[in-house]
Enquirer: 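I have a structure here, written as structure tokens, and I will follow up with some questions on it.
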Amino acid sequence: MESPESRKNASNDGSEGPDKASTERLDFIRTIVAEDNRTGKWDSRVHTRFPPEPNGYLHIGHAKSICLNFGIAAEFGGKCNLRFDDTNPSKEEQEYVDSIIEDVRWLGWDWKDRLYFASDYFQQMHDYAVQLIKAGKAYVCDLTAEETRQYRGTLTRPGKDSPYRNRSVEENLDLFERMRKGEFPDGSRTLRAKIDMAHANLNMRDPVMYRILHESHHRTGDAWCIYPMYDWAHGIEDSIERITHSICTLEFENHRPLYDWFLDALGAYHPQQIEFARLNLTYTVMSKRKLLRLVQDKHVSGWDDPRMPTLCGLRRRGYSPAAIRNFCKVIGVNKFNSTVDIALLEHCLREDLNRTAPRVMAVLKPLKLIIDNYPEGQIEELDAINNPEDASAGTRKVPFGRKLYIEQEDFMEEPPKKFFRLAPGREVRLRYAYFVTCTDVVKDPAGNVVEIHCTYDPATRGGDAPDGRKVKSTLHWVSAARSLPAEVRLYDGLSTKENPEDTEEGQDFTANLNPESLQVITGCRVEPALADTKPLDRFQFERLGYFCTDPDTQTEGRLIFNRTVGLRDTWAKIQQSQK
RNA sequence: UGGGGAAUAGUGUAACGGCAGCACAAAUGACUCUGGAUCAUUUAGUCUAGGUUCGAAUCCUAGUUCCCCAGCCA
């Protein structure tokens with residue numbers, strides 16, 4: 001069976017990005033970029049960057065930022081760098097670097113040779129710091145963390161100057177050099193910018209530029225024991241890379257004056273910082289902290305648990321990169337907080353999978369169906385269409401026989417109104433096969449239906465009646481003899497609440513965890529075409545939903561499928577409204 | 001309580017002084033060898049109060065509500 005995986009990689013250089021530039025309805029960031037291009041502000045260059053800190057796994061919220069940055073570069077003929085903001089060795093690990101690279105690439109973006117690390121700029125940052133000290137705009141401060149906090153003042157009260165604020169340039173130079181050499185213990189001194197302790201913006205009250213941290217860095221090892229703070233480092237990183245538009249999330253709005261102050265003080269190349277609102281999704285927890293909690297407290301099996309909103313989780317769930325990219329496009333970008341309906345993500349998913357996923361038949365809860373007038377031992381290979389939305393996907397053979405399995409839900413002994421499927425005396429179509437009519441029902445002592453008997457009409461081979469008669473329903477099925485056993489894992493939202501934080505006093509989001517978010521179904525049967533499926537292959541199980549092959553299939557040597565998302569189910573809605 | 005942001009159908013977004021539009025969701029119908037897909041239709045909105053204007057979602061004034069900031073995190 002062919003993998004539905006699209007191998008087509010999108011490029012962010014030139015015009016062959018995944019999404020064609022659209023001239024209409026630009027969001028506010030693209031409006032700025034387009035205007036800058038028009039006026040030649042950056043010599044008509046467009047250069048963005050995606051700057052993750054390697055301290056966790058990427059999630060769907062990051063995808064919004066990734067698609068924004070890489071997307072803008074692609075649409076405007078610019079470039080986008082992948083840059084790790086690895087300025088805090090106590091939190092960062094190579095494992096995260098690797099996963100982030102894998103995830104951004106999987107999403108379909110390409111940074112060519114522009115993979116950068118903030119840690120590569122440590123020397124330059126240090127030299128810039130010396131420049132600021134010499135200019136009298138930075139000083140070494142001996143206040144403890146606690147004292148620094150007290151000196152900073154409050155939201156409504158100004159801070160007061162550090163007693164070390166007016167050290168001479170020579171003393172600052174000497175102290176900073178000794179900080180770098182490792183003469184002082186962690187936390188004993190900092191290098192701070194000399195700005196204004198009475199500034200209404202707390203970030204401007206002599207912010208810390210460097211802290212002492214005798215800690216080994218995942219890339220620079222023990223070369224440094226002073227590490228730059230975000231505000232000091234980030235603008236320099238952008239400046240060095242000649243970024244034009246430095247796009248970040250809303251909480252950095254308060255930091256923009258500082259971003260600008262540092263770059264102005266250095267007289268360095270100065271990109272424009274633009275802030276946008278991060279993504280929130282209904283029924284979904286999104287913060288790194290909470291996702292880490294889910295993993296550590298074993299509420300999920302790991303970062304790539306198919307219920308997780310991480311990119312590796314979504315990948316394992318069966319999401320396609322194209323679906324996520326399109327989602328990021330349709331949600332738009334703005335400056336106010338909003339929460340996107342998870343149904344929109346699922347819509348984008350179905351839209352893509354409907355076009356691309358090969359159809360196949362699988363029965364999750366098998367009910368034996370015996371065709372009494374079908375020859376014992378006979379097997380027919382019937383033609384089935386692989387994808388009605390894509391003629392080039394072709395057809396395949398599906399084995400048919402006297403004993404079949406159908407879905408338990410597709411039979412009711414006493415069908416209610418609007419139930420169109422099989423019932424005693426009723427005729428339905430078995431997809432791509434024959435019309436069958438239910439003649440008998442076999443029950444176990446407890447009264448459960450365990451087997452049903454039918455007769456078939458040989459004239460309806462392939463699924464069409466020569467006399468033109470209609471049936472109300474078409475059922476999926478598999479051959480009892482030739483189908484394969486499988487396990488299927490059904491997923492539901494991790495949270496039962498639209499807002500996972502909607503809790504009673506004293507509780508947190510874990511109180512809303514959905515105990516039924518994972519349902520494992522064993523004893524499923526799938527058609528033999530699935531015998532050679534590879535991890536992450538995506539399919540539509542006809543009438544059920546989209547599924548993908550779980551990687552456990554390979555390690556455990558048996559077929560295991562994840563339900564990516566169900567088909568739209570109008571019958572379920574009818575049932576709901578009948579209650 | 002200081003500073004910085006922001007408010008458009010249920011949700012997400014357009015309209016940049018000139019007919020409030022699109023998508024999702026919801027509902028109805030058509031079609032269908034997937035109760036899928038597709039197609040058509042419907043419901044539903046400018047935070048409030050004033051003002052400017054022939055005309056205001058858009059400009060002005062006042063208010064309301066929400067978000068962010070007191071890490072040697074990013």
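Side chains are part of it too, since the values below use all heavy atoms of this structure and drop only hydrogens, waters and symmetry mates. Lettering follows sequence order; numbering is per chain, from 1.
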Enquirer: Return the value, rounded to whole Å, for the distance between atom CD of Glu275(A) and atom C1' of rG5(B).
Expert: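 It is 9 Å, rounded to the nearest whole Å.
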Enquirer: Evaluate whether the aromatic ring of Phe336(A) and the six-membered ring of the rA6(B) base sit under 5.5 Å apart, centre to centre, with an inclination under 30°.
Expert: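 The base of rA6(B) is not stacked with Phe336(A) (the test needs centres under 5.5 Å and planes under 30°).
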Enquirer: For nucleotides rA44(B) and rG5(B), find the distance between their P atoms and express it as a whole number of Å.
Expert: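 It comes out at 37 Å once rounded to the nearest Å.
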Enquirer: Who are the side-chain contact (heavy atoms from CB on, under 4.5 Å) partners of Leu567(A), not counting sequence neighbours?
Expert: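 Partners of Leu567(A) by the side-chain contact (heavy atoms from CB on, under 4.5 Å) criterion, ordered by chain and then number, come out as Gln540(A), Tyr546(A).
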Enquirer: For the pair made of CZ in Arg278(A) and C1' in rA6(B), what is the distance, rounded to whole Å?
Expert: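 Spelled out: CZ on Arg278(A) to C1' on rA6(B) is 16 Å.
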Enquirer: Rounding to an integer number of angstrom, what distance separates rU42(B) and rU48(B) when you compare their C1' atoms?
Expert: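 31 Å, rounded to whole Å.
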Enquirer: Expressed as a whole number of Å, how far does the C1' atom of rU41(B) sit from that of rG4(B)?
Expert: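 Going atom to atom, C1' in each nucleotide, I get 46 Å.
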Enquirer: Report the distance from atom CZ of Phe539(A) to atom C1' of rU34(B), rounded to the nearest whole Å.
Expert: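 To the nearest whole Å, that distance equals 17 Å.
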Enquirer: Does Arg525(A) have any salt bridge (charged side-chain N to carboxylate O under 4.0 Å, His left out) partners at least two apart in sequence or in another chain, and if so, which?
Expert: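 In terms of salt bridge (charged side-chain N to carboxylate O under 4.0 Å, His left out), with neighbours along the sequence ignored, Arg525(A) is linked to no residue.
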Enquirer: Work out how far the C1' atom of rU8(B) is from that of rC66(B), and round it to whole angstrom.
Expert: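 To the nearest whole Å, 16 Å.
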Enquirer: Apply the syn/anti split at 90° from 0 to rG71(B) and say which one it is.
Expert: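 rG71(B): syn.
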Enquirer: Give me the stems containing RNA chain B, sorted by first residue, counting only three or more consecutive Watson-Crick or G-U pairs with both distances under 3.5 Å; say none if there aren't any.
Expert: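 Stem list for RNA chain B: B:2-7 with B:64-69, B:10-13 with B:21-24, B:26-30 with B:38-42, B:47-51 with B:59-63.
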Enquirer: Roughly how many Å apart are rC69(B) and rU52(B), using the P atom of each and rounding to a whole number?
Expert: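 About 41 Å, rounded to a whole number of Å.
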Enquirer: Parallel under 30°, tilted from 30 to 60°, perpendicular over 60°: which one fits the rings of His255(A) and Phe252(A)?
Expert: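 Because their plane-to-plane angle is over 60°, the rings of His255(A) and Phe252(A) count as perpendicular.
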Enquirer: Roughly how far apart, to the nearest Å, are rC31(B) and rC67(B) at atom C1'?
Expert: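 Those two atoms are separated by 48 Å.
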Enquirer: Heavy atoms only, 4.0 Å cut-off, all strands: where does Phe541(A) land among base, sugar-phosphate and nothing?
Expert: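 Nothing, no heavy atom under 4.0 Å.
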Enquirer: Would a line drawn from the ring center of Phe420(A) to the ring center of Trp571(A) be shorter than 6.0 Å?
Expert: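 No, the ring of Phe420(A) stays outside the 6.0 Å limit from the ring of Trp571(A), centre to centre.
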Enquirer: Dump the pairs, protein N or O against N or O of nucleotides 42-45 of chain B, anything under 3.5 Å, distances to one decimal.
Expert:
none

Enquirer: Between the base of rU1(B) and the side chain of Arg157(A), is one N or O donor paired with an acceptor at under 3.5 angstrom?
Expert: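 No, no donor-acceptor pair under 3.5 Å.
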Enquirer: According to a strict under-4.0 Å criterion, is Asn334(A) in side-chain N/O contact with OP1 or OP2 of rA14(B)?
Expert: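 It does, given that an N or O in the side chain of Asn334(A) lies less than 4.0 Å from OP1 or OP2 of rA14(B).
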Enquirer: Take Lys194(A) and Asp206(A), measure what salt bridge (Lys or Arg N to Asp or Glu O under 4.0 Å) needs, and give me the verdict at the end.
Expert: CA-CA 5 Å; Lys194(A) 191 189 283 190; Asp206(A) 289 11; over 6 Å; no
Enquirer: Send over the distance from Lys472(A) NZ to rG36(B) P, rounded to a whole Å.
Expert: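 The distance from NZ of Lys472(A) to P of rG36(B) comes to 14 Å, rounded to the nearest Å.
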Enquirer: On a whole-Å scale, what distance lies between the C1' atoms belonging to rU11(B) and rU43(B)?
Expert: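 It comes out at 15 Å once rounded to the nearest Å.
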Enquirer: I'd like to know whether Gln272(A) forms a side-chain hydrogen bond (donor to acceptor under 3.5 Å, both in side chains) with Tyr259(A), so could you lay out the CA-CA distance, the side-chain angles of the two residues, the decisive distance to 0.1 Å, and finally the verdict.
Expert: CA-CA 9 Å; Gln272(A) 179 182 1; Tyr259(A) 182 99; over 6 Å; no
Enquirer: Glu253(A) or Tyr432(A): which one's nearest nucleotide on RNA chain B is closer to the 5' end?
Expert: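 Of the two residues, Glu253(A) wins.
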Enquirer: Who are the side-chain contact (heavy atoms from CB on, under 4.5 Å) partners of Ser495(A), not counting sequence neighbours?
Expert: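 Partners of Ser495(A) by the side-chain contact (heavy atoms from CB on, under 4.5 Å) criterion, ordered by chain and then number, come out as Lys497(A), Pro500(A), Asn512(A).
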Enquirer: Please give me the minimum heavy-atom distance between Pro228(A) and Met125(A), naming the atom from each residue.
Expert: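 Smallest heavy-atom distance, with atoms named: CG-SD, 3.6 Å.
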Enquirer: Given the structure, check if the side chain of Arg543(A) and the base of rG35(B) hold any donor-acceptor pair shorter than 3.5 Å.
Expert: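 By the distance-only test, no, there is no pair.
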Enquirer: Tell me the closest heavy-atom pair linking Leu422(A) and Arg426(A), and the distance in Å.
Expert: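 Heavy atoms of Leu422(A) and Arg426(A) come nearest at CD1-O, 3.4 Å.
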Enquirer: Distance check needed: rA37(B) P versus Asp390(A) CG, whole Å only.
Expert: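 Going from Asp390(A) (CG) to rA37(B) (P), I get 18 Å.
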Enquirer: Got a sec, which residues hit salt bridge (charged side-chain N to carboxylate O under 4.0 Å, His left out) with Arg219(A), two or more places apart in sequence or on another chain?
Expert: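 Arg219(A) satisfies salt bridge (charged side-chain N to carboxylate O under 4.0 Å, His left out) with Asp120(A) only.
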Enquirer: Over 60° means perpendicular and under 30° means parallel, so tell me whether Phe400(A) and Tyr434(A) are parallel, tilted or perpendicular.
Expert: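 Geometry flag for Tyr434(A) against Phe400(A): tilted rings.
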Enquirer: Mind checking if Gln540(A) touches a base, just sugar-phosphate, or nothing, with heavy atoms under 4.0 Å?
Expert: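 Touches a base.
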Enquirer: Below 3.5 Å between N/O atoms, which protein atoms pair up with nucleotides 20-31 of chain B? Just atom names and distances, please.
Expert:
| unit_1 | atom_1 | unit_2 | atom_2 | d |
| --- | --- | --- | --- | --- |
| rA26(B) | OP1 | Lys573(A) | NZ | 3.2 |

Enquirer: With sequence neighbours excluded, what pairs up with Cys141(A) under the side-chain contact (heavy atoms from CB on, under 4.5 Å) test?
Expert: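 Residues passing side-chain contact (heavy atoms from CB on, under 4.5 Å) with Cys141(A): Tyr139(A), Leu143(A), Ser162(A), Tyr164(A), Thr190(A), Arg192(A).
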Enquirer: For nucleotides 64-74 of chain B, just jot down a letter per nucleotide in 5' to 3' order: B, S or -, based on protein non-hydrogen atoms under 4.0 Å.
Expert: ---SBBBSBBB
Enquirer: Only pairs at least two apart or in different chains count here, so list each side-chain hydrogen bond (donor to acceptor under 3.5 Å, both in side chains) that has a residue in residues 462-471 of chain A.
Expert: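 Qualifying pairs, neighbours excluded: Glu427(A)-Arg469(A), Asp457(A)-Arg469(A), Asp467(A)-Arg469(A).
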Enquirer: Could you measure between the two C1' atoms, the one in rC60(B) and the one in rG2(B), and give it in whole Å?
Expert: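 Taking atom C1' in both rC60(B) and rG2(B), they lie 26 Å apart.
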Enquirer: Rounding to an integer number of Å, can you tell me how far Phe276(A) CZ sits from rA6(B) P?
Expert: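 After rounding, the gap between these two atoms is 16 Å.
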Enquirer: Run the side-chain hydrogen bond (donor to acceptor under 3.5 Å, both in side chains) test against Glu93(A) and tell me which residues pass, sequence neighbours left out.
Expert: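 With neighbours one apart ignored, the set is empty.
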Enquirer: For Glu389(A) and for Ser338(A), locate the closest nucleotide of RNA chain B by heavy-atom distance; then report the residue assigned to the nucleotide nearer the 5' terminus.
Expert: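 Whichever sits nearer the 5' end wins; that is Ser338(A).
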Enquirer: Rounded to the Å, how far apart are Leu353(A) CG and rU38(B) C1'?
Expert: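 That distance rounds to 18 Å.
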Enquirer: Ring centres of Phe122(A) and His217(A) under 6.0 Å apart?
Expert: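 Yes; His217(A) has its ring centre under 6.0 Å from that of Phe122(A).
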Enquirer: In whole angstrom, give the distance that lies between atom CG of Leu567(A) and atom C1' of rU38(B).
Expert: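 Result: 14 Å.
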Enquirer: Looking at residues at least two apart in the chain, or sitting in another chain, which of them share a side-chain contact (heavy atoms from CB on, under 4.5 Å) with Lys181(A)?
Expert: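 Result, side-chain contact (heavy atoms from CB on, under 4.5 Å) vs Lys181(A): Glu177(A), Glu183(A).
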Enquirer: What's Pro158(A) touching, base or sugar-phosphate or nothing? Going by heavy atoms closer than 4.0 Å.
Expert: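 Pro158(A): no heavy atom of the nucleic acid under 4.0 Å.
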